[in-house]
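Heads up, the thing below is written out as C-alpha coordinates.
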There are 2 protein chains.
Amino acid sequence: MCKDCLFKQPLFNILNPNELETLNQNRYEVRYKKGETIFKQGSALTHIACFTHGMAKIYIEGLNNRNLIIKIVKRGEMVGGPGMHTDFKHHFTVTTLTDTQVCLIDAETFQDVVKSNNKFALAMMKKINTQGIKNFEKFINLTQKQMPGRIADAIFYLSDFVHESDHFDVVISRQDLADMTAMTKESAIRILKEFKDAGLISVEGNHFEILDKETLRKICRTG
Amino acid sequence: MCKDCLFKQPLFNILNPNELETLNQNRYEVRYKKGETIFKQGSALTHIACFTHGMAKIYIEGLNNRNLIIKIVKRGEMVGGPGMHTDFKHHFTVTTLTDTQVCLIDAETFQDVVKSNNKFALAMMKKINTQGIKNFEKFINLTQKQMPGRIADAIFYLSDFVHESDHFDVVISRQDLADMTAMTKESAIRILKEFKDAGLISVEGNHFEILDKETLRKICRTG
DNA sequence: TTGATTCATTGATAAAAATCAATATATTTG
DNA sequence: CAAATATATTGATTTTTATCAATGAATCAA
(Lines give C-alpha, C1' and ligand atoms only; values in the text may rest on other atoms or scores of the structure.)
Protein backbone atom coordinates (compact mmCIF):
# COMPACT_ATOMS: atom_id res chain seq x y z
CA MET A 1 0.00 0.00 0.00
CA CYS A 2 1.43 3.35 -1.12
CA LYS A 3 -0.09 5.18 1.82
CA ASP A 4 1.91 3.16 4.31
CA CYS A 5 5.07 2.94 2.26
CA LEU A 6 8.19 3.68 4.26
CA PHE A 7 9.83 5.15 1.18
CA LYS A 8 6.89 7.19 -0.02
CA GLN A 9 7.73 10.28 -2.00
CA PRO A 10 7.25 13.40 0.15
CA LEU A 11 5.58 14.63 -3.01
CA PHE A 12 2.83 12.06 -2.58
CA ASN A 13 1.73 13.64 0.69
CA ILE A 14 0.14 16.33 -1.44
CA LEU A 15 -2.23 13.77 -2.91
CA ASN A 16 -5.57 13.07 -1.30
CA PRO A 17 -6.29 9.49 -0.22
CA ASN A 18 -8.27 8.78 -3.38
CA GLU A 19 -5.52 9.90 -5.68
CA LEU A 20 -2.92 7.97 -3.77
CA GLU A 21 -5.12 4.90 -3.92
CA THR A 22 -5.45 5.36 -7.68
CA LEU A 23 -1.68 5.22 -7.96
CA ASN A 24 -1.63 2.27 -5.60
CA GLN A 25 -4.05 0.40 -7.86
CA ASN A 26 -1.89 1.03 -10.89
CA ARG A 27 1.51 0.04 -9.66
CA TYR A 28 3.47 -3.12 -9.25
CA GLU A 29 6.68 -4.05 -7.55
CA VAL A 30 9.67 -5.45 -9.38
CA ARG A 31 13.00 -6.76 -8.16
CA TYR A 32 16.10 -6.41 -10.29
CA LYS A 33 19.46 -8.02 -9.88
CA LYS A 34 22.61 -6.00 -10.07
CA GLY A 35 23.37 -4.93 -13.65
CA GLU A 36 19.84 -5.22 -14.98
CA THR A 37 18.15 -2.48 -16.95
CA ILE A 38 14.98 -0.89 -15.62
CA PHE A 39 14.43 1.67 -18.38
CA LYS A 40 16.07 1.61 -21.77
CA GLN A 41 16.76 4.78 -23.71
CA GLY A 42 14.50 5.01 -26.75
CA SER A 43 11.84 2.66 -25.41
CA ALA A 44 8.32 3.69 -24.46
CA LEU A 45 7.87 5.49 -21.17
CA THR A 46 4.98 3.53 -19.73
CA HIS A 47 5.91 3.68 -16.06
CA ILE A 48 7.57 5.80 -13.43
CA ALA A 49 9.89 4.08 -11.02
CA CYS A 50 9.99 4.64 -7.27
CA PHE A 51 13.00 3.06 -5.60
CA THR A 52 12.38 1.20 -2.37
CA HIS A 53 15.71 -0.69 -2.23
CA GLY A 54 19.04 -0.53 -3.99
CA MET A 55 20.76 1.87 -6.33
CA ALA A 56 20.90 2.51 -10.04
CA LYS A 57 22.76 4.71 -12.49
CA ILE A 58 20.91 6.93 -14.93
CA TYR A 59 22.89 7.54 -18.08
CA ILE A 60 22.52 8.93 -21.54
CA GLU A 61 23.75 6.64 -24.28
CA GLY A 62 25.74 8.99 -26.43
CA LEU A 63 28.13 8.70 -29.35
CA ASN A 64 30.56 5.89 -30.15
CA ASN A 65 29.29 3.69 -27.34
CA ARG A 66 30.08 6.30 -24.75
CA ASN A 67 27.72 6.95 -21.87
CA LEU A 68 27.19 9.96 -19.67
CA ILE A 69 25.96 9.17 -16.17
CA ILE A 70 23.76 12.02 -15.07
CA LYS A 71 22.56 10.73 -11.72
CA ILE A 72 22.72 7.89 -9.25
CA VAL A 73 19.39 7.08 -7.68
CA LYS A 74 18.67 5.27 -4.47
CA ARG A 75 15.87 4.31 -2.13
CA GLY A 76 13.14 6.90 -1.79
CA GLU A 77 13.72 8.48 -5.16
CA MET A 78 11.40 8.70 -8.11
CA VAL A 79 12.52 8.42 -11.73
CA GLY A 80 10.42 9.62 -14.61
CA GLY A 81 12.39 11.67 -17.07
CA PRO A 82 11.80 14.39 -19.63
CA GLY A 83 9.82 12.00 -21.82
CA MET A 84 6.99 12.42 -19.33
CA HIS A 85 4.27 14.69 -20.73
CA THR A 86 6.17 14.97 -24.01
CA ASP A 87 6.98 12.10 -26.34
CA PHE A 88 6.58 9.38 -23.72
CA LYS A 89 9.90 7.84 -24.56
CA HIS A 90 12.85 7.28 -22.30
CA HIS A 91 15.72 9.64 -22.95
CA PHE A 92 18.12 7.79 -20.71
CA THR A 93 18.85 4.26 -19.58
CA VAL A 94 18.53 3.20 -15.96
CA THR A 95 20.67 0.23 -14.88
CA THR A 96 20.93 -1.15 -11.37
CA LEU A 97 24.21 -0.98 -9.46
CA THR A 98 23.00 -3.32 -6.72
CA ASP A 99 20.05 -5.64 -6.28
CA THR A 100 17.13 -3.30 -6.43
CA GLN A 101 13.42 -3.10 -5.76
CA VAL A 102 11.16 -0.54 -7.38
CA CYS A 103 7.50 0.29 -7.67
CA LEU A 104 6.47 0.90 -11.24
CA ILE A 105 3.57 3.32 -11.44
CA ASP A 106 1.58 3.53 -14.63
CA ALA A 107 2.58 6.72 -16.44
CA GLU A 108 -0.88 7.50 -17.79
CA THR A 109 -2.43 7.15 -14.36
CA PHE A 110 0.30 9.34 -13.01
CA GLN A 111 -0.41 11.98 -15.60
CA ASP A 112 -4.13 11.82 -14.79
CA VAL A 113 -3.29 12.60 -11.19
CA VAL A 114 -1.09 15.49 -12.29
CA LYS A 115 -3.98 16.78 -14.38
CA SER A 116 -6.46 16.54 -11.55
CA ASN A 117 -4.40 17.99 -8.72
CA ASN A 118 -2.92 21.45 -9.31
CA LYS A 119 -0.89 21.45 -6.17
CA PHE A 120 0.71 18.19 -7.18
CA ALA A 121 1.33 19.52 -10.67
CA LEU A 122 3.05 22.57 -9.24
CA ALA A 123 5.16 20.42 -6.93
CA MET A 124 6.17 18.28 -9.90
CA MET A 125 7.13 21.38 -11.81
CA LYS A 126 9.21 22.50 -8.89
CA LYS A 127 10.91 19.13 -8.84
CA ILE A 128 11.64 19.25 -12.54
CA ASN A 129 13.03 22.75 -12.33
CA THR A 130 15.20 21.85 -9.37
CA GLN A 131 16.67 19.14 -11.57
CA GLY A 132 17.06 21.78 -14.27
CA ILE A 133 19.15 23.94 -11.94
CA LYS A 134 21.34 20.95 -11.17
CA ASN A 135 21.76 20.31 -14.87
CA PHE A 136 23.02 23.86 -15.32
CA GLU A 137 25.63 23.22 -12.67
CA LYS A 138 26.53 20.00 -14.43
CA PHE A 139 27.01 21.87 -17.69
CA ILE A 140 29.58 24.10 -16.02
CA ASN A 141 31.24 21.20 -14.23
CA LEU A 142 31.60 19.19 -17.40
CA THR A 143 32.54 21.95 -19.84
CA GLN A 144 34.57 24.40 -17.77
CA LYS A 145 36.56 22.22 -15.41
CA GLN A 146 39.61 20.16 -16.14
CA MET A 147 39.80 16.54 -15.13
CA PRO A 148 40.89 17.03 -11.50
CA GLY A 149 37.97 19.39 -10.90
CA ARG A 150 35.52 16.98 -12.44
CA ILE A 151 36.80 14.01 -10.45
CA ALA A 152 36.69 16.07 -7.26
CA ASP A 153 33.07 16.91 -8.07
CA ALA A 154 32.26 13.25 -8.55
CA ILE A 155 33.90 12.30 -5.25
CA PHE A 156 31.82 14.88 -3.41
CA TYR A 157 28.72 13.72 -5.21
CA LEU A 158 29.39 10.17 -4.03
CA SER A 159 30.24 11.33 -0.54
CA ASP A 160 27.55 13.94 0.02
CA PHE A 161 24.69 12.50 -1.91
CA VAL A 162 25.09 8.82 -2.64
CA HIS A 163 26.81 7.42 0.45
CA GLU A 164 26.36 10.35 2.86
CA SER A 165 29.70 9.80 4.54
CA ASP A 166 33.29 10.81 3.88
CA HIS A 167 34.40 7.19 3.81
CA PHE A 168 32.47 4.75 1.74
CA ASP A 169 32.57 1.73 -0.55
CA VAL A 170 31.63 2.81 -4.03
CA VAL A 171 29.02 0.85 -5.95
CA ILE A 172 30.28 2.17 -9.27
CA SER A 173 33.17 0.97 -11.38
CA ARG A 174 36.08 3.07 -12.57
CA GLN A 175 34.42 3.14 -15.98
CA ASP A 176 31.30 4.53 -14.33
CA LEU A 177 33.38 7.19 -12.63
CA ALA A 178 34.76 8.08 -16.05
CA ASP A 179 31.23 8.16 -17.46
CA MET A 180 30.18 10.58 -14.72
CA THR A 181 33.02 12.94 -15.49
CA ALA A 182 33.17 12.71 -19.26
CA MET A 183 36.67 11.32 -19.55
CA THR A 184 38.33 7.99 -20.26
CA LYS A 185 38.67 5.32 -17.62
CA GLU A 186 42.46 5.64 -17.76
CA SER A 187 42.33 9.35 -17.08
CA ALA A 188 39.93 8.89 -14.17
CA ILE A 189 42.27 6.34 -12.61
CA ARG A 190 45.25 8.61 -13.07
CA ILE A 191 43.54 11.53 -11.34
CA LEU A 192 42.50 9.27 -8.47
CA LYS A 193 46.11 8.29 -8.09
CA GLU A 194 47.22 11.91 -8.14
CA PHE A 195 44.74 12.71 -5.38
CA LYS A 196 45.94 9.71 -3.45
CA ASP A 197 49.60 10.64 -3.84
CA ALA A 198 48.78 14.19 -2.74
CA GLY A 199 47.11 12.84 0.38
CA LEU A 200 43.69 14.22 -0.50
CA ILE A 201 41.93 10.87 -0.51
CA SER A 202 42.63 7.27 0.27
CA VAL A 203 41.58 4.67 -2.28
CA GLU A 204 41.85 0.97 -1.69
CA GLY A 205 39.92 -0.91 -4.34
CA ASN A 206 36.37 0.26 -3.89
CA HIS A 207 36.92 1.86 -0.52
CA PHE A 208 37.19 5.63 -0.70
CA GLU A 209 37.99 8.06 2.06
CA ILE A 210 38.19 11.83 1.87
CA LEU A 211 41.22 12.97 3.85
CA ASP A 212 41.63 16.63 2.92
CA LYS A 213 38.19 18.03 2.27
CA GLU A 214 39.43 21.63 2.14
CA THR A 215 41.88 21.13 -0.69
CA LEU A 216 39.52 18.86 -2.56
CA ARG A 217 36.79 21.49 -2.32
CA LYS A 218 39.21 24.07 -3.64
CA ILE A 219 39.95 21.88 -6.66
CA CYS A 220 36.21 21.67 -7.26
CA ARG A 221 35.78 25.41 -7.22
CA THR A 222 38.74 26.41 -9.33
CA GLY A 223 38.18 23.62 -11.85
CA MET B 1 -3.36 43.62 -25.30
CA CYS B 2 -2.11 40.07 -24.93
CA LYS B 3 -5.13 38.60 -26.63
CA ASP B 4 -4.41 40.40 -29.88
CA CYS B 5 -0.65 40.07 -29.69
CA LEU B 6 0.90 38.97 -32.96
CA PHE B 7 3.63 37.15 -31.07
CA LYS B 8 1.43 35.53 -28.48
CA GLN B 9 2.67 32.25 -27.08
CA PRO B 10 0.71 29.34 -28.57
CA LEU B 11 0.70 28.24 -24.95
CA PHE B 12 -1.46 31.21 -24.04
CA ASN B 13 -4.29 29.95 -26.22
CA ILE B 14 -4.96 27.43 -23.49
CA LEU B 15 -5.87 30.25 -21.12
CA ASN B 16 -9.42 31.50 -20.86
CA PRO B 17 -10.05 35.21 -21.58
CA ASN B 18 -10.02 36.07 -17.88
CA GLU B 19 -6.69 34.44 -17.23
CA LEU B 20 -5.14 36.04 -20.28
CA GLU B 21 -6.49 39.39 -19.16
CA THR B 22 -4.95 38.85 -15.74
CA LEU B 23 -1.56 38.39 -17.39
CA ASN B 24 -2.27 41.40 -19.55
CA GLN B 25 -2.94 43.53 -16.48
CA ASN B 26 0.34 42.45 -14.94
CA ARG B 27 2.77 42.98 -17.74
CA TYR B 28 4.70 45.83 -19.22
CA GLU B 29 6.71 46.34 -22.34
CA VAL B 30 10.38 47.22 -22.31
CA ARG B 31 12.78 48.07 -25.10
CA TYR B 32 16.44 47.17 -24.80
CA LYS B 33 19.33 48.28 -26.91
CA LYS B 34 21.82 45.79 -28.26
CA GLY B 35 24.10 44.48 -25.53
CA GLU B 36 21.82 45.25 -22.60
CA THR B 37 20.96 42.71 -19.95
CA ILE B 38 17.35 41.67 -19.43
CA PHE B 39 17.89 39.10 -16.67
CA LYS B 40 21.01 38.78 -14.57
CA GLN B 41 22.10 35.45 -13.12
CA GLY B 42 21.68 35.45 -9.35
CA SER B 43 19.10 38.21 -9.27
CA ALA B 44 15.47 37.75 -8.27
CA LEU B 45 13.16 36.17 -10.80
CA THR B 46 10.27 38.60 -10.68
CA HIS B 47 9.19 38.46 -14.30
CA ILE B 48 8.97 36.24 -17.30
CA ALA B 49 9.98 37.70 -20.64
CA CYS B 50 8.09 37.28 -23.90
CA PHE B 51 10.04 38.46 -26.90
CA THR B 52 8.16 40.55 -29.47
CA HIS B 53 11.20 41.91 -31.32
CA GLY B 54 14.90 41.20 -31.51
CA MET B 55 17.20 38.48 -30.26
CA ALA B 56 19.07 37.65 -27.10
CA LYS B 57 21.56 35.12 -25.84
CA ILE B 58 20.89 33.09 -22.71
CA TYR B 59 24.07 32.07 -20.97
CA ILE B 60 25.29 30.60 -17.74
CA GLU B 61 28.05 32.58 -16.09
CA GLY B 62 30.49 29.87 -15.13
CA LEU B 63 34.05 29.69 -13.85
CA ASN B 64 36.95 32.07 -14.50
CA ASN B 65 34.75 34.54 -16.38
CA ARG B 66 33.75 31.94 -18.89
CA ASN B 67 30.19 31.77 -20.16
CA LEU B 68 28.17 28.98 -21.67
CA ILE B 69 25.48 30.08 -24.10
CA ILE B 70 22.62 27.63 -23.84
CA LYS B 71 20.10 29.22 -26.16
CA ILE B 72 19.43 32.11 -28.49
CA VAL B 73 15.92 33.47 -28.19
CA LYS B 74 13.96 35.49 -30.65
CA ARG B 75 10.53 36.96 -31.31
CA GLY B 76 7.66 34.81 -30.13
CA GLU B 77 9.63 33.03 -27.45
CA MET B 78 9.10 33.03 -23.72
CA VAL B 79 11.92 32.99 -21.18
CA GLY B 80 11.41 32.00 -17.58
CA GLY B 81 14.02 29.57 -16.38
CA PRO B 82 14.40 26.87 -13.77
CA GLY B 83 14.18 29.44 -10.96
CA MET B 84 10.44 29.56 -11.67
CA HIS B 85 8.50 27.64 -9.01
CA THR B 86 11.74 26.94 -7.12
CA ASP B 87 14.04 29.58 -5.62
CA PHE B 88 12.77 32.42 -7.80
CA LYS B 89 16.25 33.43 -8.82
CA HIS B 90 17.71 33.62 -12.27
CA HIS B 91 20.13 30.83 -13.08
CA PHE B 92 21.31 32.41 -16.29
CA THR B 93 21.88 35.83 -17.77
CA VAL B 94 19.95 37.08 -20.77
CA THR B 95 21.65 39.73 -22.90
CA THR B 96 20.31 41.22 -26.11
CA LEU B 97 22.11 40.62 -29.40
CA THR B 98 20.05 43.24 -31.25
CA ASP B 99 17.68 45.99 -30.23
CA THR B 100 14.91 44.11 -28.54
CA GLN B 101 11.40 44.49 -27.23
CA VAL B 102 9.91 42.22 -24.60
CA CYS B 103 6.82 41.94 -22.47
CA LEU B 104 7.64 41.33 -18.85
CA ILE B 105 4.92 39.37 -17.11
CA ASP B 106 4.80 39.33 -13.35
CA ALA B 107 6.09 35.94 -12.16
CA GLU B 108 3.70 35.64 -9.24
CA THR B 109 0.72 36.36 -11.41
CA PHE B 110 2.04 33.84 -13.88
CA GLN B 111 2.34 31.24 -11.17
CA ASP B 112 -1.20 31.97 -10.00
CA VAL B 113 -2.43 31.23 -13.49
CA VAL B 114 -0.43 28.00 -13.53
CA LYS B 115 -2.03 27.06 -10.23
CA SER B 116 -5.54 27.79 -11.42
CA ASN B 117 -5.42 26.16 -14.85
CA ASN B 118 -4.36 22.50 -14.95
CA LYS B 119 -4.22 22.33 -18.70
CA PHE B 120 -1.88 25.27 -18.74
CA ALA B 121 0.22 23.72 -15.99
CA LEU B 122 0.51 20.52 -17.98
CA ALA B 123 1.45 22.42 -21.11
CA MET B 124 4.13 24.26 -19.15
CA MET B 125 5.45 20.98 -17.86
CA LYS B 126 5.57 19.67 -21.39
CA LYS B 127 7.50 22.76 -22.45
CA ILE B 128 9.96 22.40 -19.59
CA ASN B 129 10.52 18.72 -20.34
CA THR B 130 11.00 19.42 -24.02
CA GLN B 131 13.76 21.79 -22.99
CA GLY B 132 15.07 19.01 -20.75
CA ILE B 133 15.36 16.65 -23.71
CA LYS B 134 17.28 19.32 -25.61
CA ASN B 135 19.59 19.73 -22.65
CA PHE B 136 20.37 16.02 -22.76
CA GLU B 137 21.35 16.37 -26.40
CA LYS B 138 23.46 19.35 -25.46
CA PHE B 139 25.23 17.29 -22.80
CA ILE B 140 26.26 14.79 -25.46
CA ASN B 141 27.20 17.48 -27.96
CA LEU B 142 29.41 19.28 -25.49
CA THR B 143 31.01 16.33 -23.76
CA GLN B 144 31.33 13.68 -26.46
CA LYS B 145 32.15 15.64 -29.59
CA GLN B 146 35.42 17.19 -30.58
CA MET B 147 35.61 20.78 -31.67
CA PRO B 148 34.65 20.29 -35.34
CA GLY B 149 31.51 18.42 -34.29
CA ARG B 150 30.56 21.11 -31.83
CA ILE B 151 31.10 23.93 -34.32
CA ALA B 152 29.10 22.05 -36.93
CA ASP B 153 26.30 21.72 -34.37
CA ALA B 154 26.39 25.42 -33.71
CA ILE B 155 26.27 26.26 -37.41
CA PHE B 156 23.18 24.09 -37.86
CA TYR B 157 21.63 25.63 -34.78
CA LEU B 158 22.12 29.09 -36.27
CA SER B 159 20.94 27.96 -39.68
CA ASP B 160 17.96 25.81 -38.70
CA PHE B 161 16.70 27.57 -35.65
CA VAL B 162 17.98 31.13 -35.37
CA HIS B 163 18.09 32.37 -38.95
CA GLU B 164 16.07 29.65 -40.68
CA SER B 165 18.14 29.78 -43.85
CA ASP B 166 21.38 28.22 -45.05
CA HIS B 167 22.90 31.64 -45.69
CA PHE B 168 22.65 34.24 -43.01
CA ASP B 169 24.33 37.11 -41.20
CA VAL B 170 25.14 36.04 -37.67
CA VAL B 171 24.16 38.28 -34.79
CA ILE B 172 26.71 36.65 -32.50
CA SER B 173 30.42 37.31 -32.19
CA ARG B 174 33.20 34.74 -32.54
CA GLN B 175 33.49 34.78 -28.77
CA ASP B 176 29.78 33.95 -28.55
CA LEU B 177 30.29 31.09 -30.97
CA ALA B 178 33.05 29.85 -28.67
CA ASP B 179 30.75 30.24 -25.67
CA MET B 180 28.12 28.12 -27.43
CA THR B 181 30.57 25.34 -28.10
CA ALA B 182 32.64 25.39 -24.92
CA MET B 183 35.98 26.21 -26.50
CA THR B 184 38.22 29.25 -26.87
CA LYS B 185 37.58 31.96 -29.41
CA GLU B 186 40.84 31.07 -31.19
CA SER B 187 39.83 27.44 -31.55
CA ALA B 188 36.40 28.37 -32.88
CA ILE B 189 37.97 30.61 -35.49
CA ARG B 190 40.41 27.91 -36.53
CA ILE B 191 37.64 25.34 -37.04
CA LEU B 192 35.64 27.84 -39.07
CA LYS B 193 38.69 28.30 -41.26
CA GLU B 194 39.11 24.56 -41.63
CA PHE B 195 35.50 24.24 -42.74
CA LYS B 196 35.99 27.12 -45.14
CA ASP B 197 39.17 25.63 -46.59
CA ALA B 198 37.39 22.29 -47.00
CA GLY B 199 34.60 24.01 -48.90
CA LEU B 200 31.92 23.12 -46.36
CA ILE B 201 30.92 26.69 -45.61
CA SER B 202 31.66 30.18 -46.78
CA VAL B 203 32.43 32.80 -44.13
CA GLU B 204 32.93 36.45 -44.93
CA GLY B 205 32.89 38.48 -41.74
CA ASN B 206 29.47 37.86 -40.28
CA HIS B 207 28.00 36.33 -43.42
CA PHE B 208 27.79 32.56 -43.26
CA GLU B 209 26.72 30.16 -45.94
CA ILE B 210 26.42 26.40 -45.74
CA LEU B 211 27.82 24.90 -48.92
CA ASP B 212 28.09 21.18 -48.19
CA LYS B 213 25.28 20.28 -45.83
CA GLU B 214 25.87 16.54 -46.20
CA THR B 215 29.44 16.56 -45.02
CA LEU B 216 28.71 19.08 -42.30
CA ARG B 217 25.89 16.89 -41.02
CA LYS B 218 28.23 13.92 -41.00
CA ILE B 219 30.70 15.85 -38.86
CA CYS B 220 27.84 16.58 -36.46
CA ARG B 221 26.90 12.96 -36.14
CA THR B 222 30.33 11.43 -35.79
CA GLY B 223 31.51 14.18 -33.45
C1' DT C 1 39.82 -24.94 -8.71
C1' DT C 2 40.85 -23.18 -13.07
C1' DG C 3 40.55 -21.14 -17.28
C1' DA C 4 37.98 -17.30 -19.04
C1' DT C 5 36.35 -12.96 -18.81
C1' DT C 6 35.96 -8.58 -17.08
C1' DC C 7 37.93 -4.79 -14.52
C1' DA C 8 41.91 -1.97 -12.94
C1' DT C 9 46.43 -0.04 -13.46
C1' DT C 10 50.56 1.82 -15.57
C1' DG C 11 53.62 3.66 -19.12
C1' DA C 12 54.62 5.45 -23.69
C1' DT C 13 52.91 8.05 -27.32
C1' DA C 14 49.82 10.77 -30.15
C1' DA C 15 46.13 13.85 -30.69
C1' DA C 16 43.36 17.63 -29.25
C1' DA C 17 42.83 21.98 -27.41
C1' DA C 18 44.39 25.98 -24.68
C1' DT C 19 47.54 29.60 -24.05
C1' DC C 20 50.47 33.24 -25.36
C1' DA C 21 51.84 36.70 -28.47
C1' DA C 22 51.54 39.44 -32.36
C1' DT C 23 49.00 41.71 -35.74
C1' DA C 24 45.06 42.99 -38.41
C1' DT C 25 40.46 44.72 -38.84
C1' DA C 26 36.42 46.83 -37.26
C1' DT C 27 33.84 50.01 -34.36
C1' DT C 28 33.16 53.52 -31.32
C1' DT C 29 33.89 57.95 -29.38
C1' DG C 30 35.70 62.48 -28.47
C1' DC D 1 38.54 62.48 -38.63
C1' DA D 2 41.66 60.10 -35.63
C1' DA D 3 42.74 58.01 -31.55
C1' DA D 4 41.01 54.52 -28.68
C1' DT D 5 38.77 50.36 -27.96
C1' DA D 6 36.96 46.09 -29.09
C1' DT D 7 36.91 42.21 -32.15
C1' DA D 8 39.06 38.93 -35.30
C1' DT D 9 42.88 36.29 -37.11
C1' DT D 10 47.16 33.72 -37.32
C1' DG D 11 51.28 31.28 -35.74
C1' DA D 12 54.21 29.14 -32.24
C1' DT D 13 54.17 26.65 -28.12
C1' DT D 14 52.55 24.30 -24.05
C1' DT D 15 49.20 21.85 -21.62
C1' DT D 16 45.68 18.67 -21.38
C1' DT D 17 43.65 14.54 -22.56
C1' DA D 18 42.96 10.38 -25.35
C1' DT D 19 44.75 6.35 -27.37
C1' DC D 20 47.34 2.25 -27.54
C1' DA D 21 49.53 -1.54 -25.45
C1' DA D 22 50.82 -4.39 -21.85
C1' DT D 23 50.12 -6.38 -17.48
C1' DG D 24 48.00 -7.34 -13.03
C1' DA D 25 43.99 -8.27 -10.14
C1' DA D 26 39.49 -9.70 -9.34
C1' DT D 27 35.34 -12.16 -10.43
C1' DC D 28 32.65 -15.71 -12.66
C1' DA D 29 31.15 -20.04 -14.57
C1' DA D 30 31.90 -24.77 -15.56
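Quick caveat: nothing in here was measured; it's all calculated off a predicted structure. Note that these values count all heavy atoms, side chains included, but never hydrogens, waters or copies made by symmetry. Chain naming here is simple, since letters A, B, ... match the order of the sequence lines and numbering starts at 1 in each.
One interatomic measurement links the two molecules: CE of B:M147 to C1' of C:dT19, which rounds to 13 Å at whole-angstrom precision. Rounded to an integer number of Å, the gap from CD1 of A:I151 to P of D:dT16 is 15 Å.
Using modelled atom types and a 3.5 Å distance limit, the side chains of B:N129 and A:H85 yield no donor-acceptor pair.
The stretch residues 185-207 of chain B touches DNA chain C through B:E186, B:S187, B:R190, each having a heavy atom under 4.0 angstrom from the strand.
Aromatic ring orientation, A:H47 versus A:Y28: perpendicular (interplanar angle above 60°, classes split at 30° and 60°).
In summary, B:K196 and B:E209 do not engage in a salt bridge, as defined by a charged side-chain N under 4.0 Å from a carboxylate O. Between B:K40 and B:E61 there is a salt bridge, since a side-chain N of the basic residue sits under 4.0 Å from a carboxylate O of the acidic one. Between B:E36 and B:R31 there is no salt bridge, since none of the side-chain N atoms of the basic residue sits less than 4.0 Å from a carboxylate O of the acidic one.
Between B:S173 and D:dT7, a side-chain N or O to OP1/OP2 separation shorter than 4.0 Å is absent.
Nearest to the side-chain atoms of B:P148 among the listed nucleotides D:dT16, D:dA18, C:dA17 stands C:dA17. Taking the side chain of A:R174 as heavy atoms from C-beta on, and the options C:dT9, D:dA18, C:dA18, the nearest nucleotide is C:dT9.
Taking 4.5 Å as the limit, every side-chain heavy atom of B:M147 sits out of range of all side-chain heavy atoms of B:R190.
A cation-pi arrangement is not found for B:K8 relative to B:F12, the charged atom failing to lie both closer than 6.0 Å to the ring centre and inside a 45° cone about the ring normal.
Rounded to 10 degrees, the angle separating the terminal helix axes of the helix from C:dT1-D:dA30 to C:dG30-D:dC1, each built from five base pairs, is 50°.
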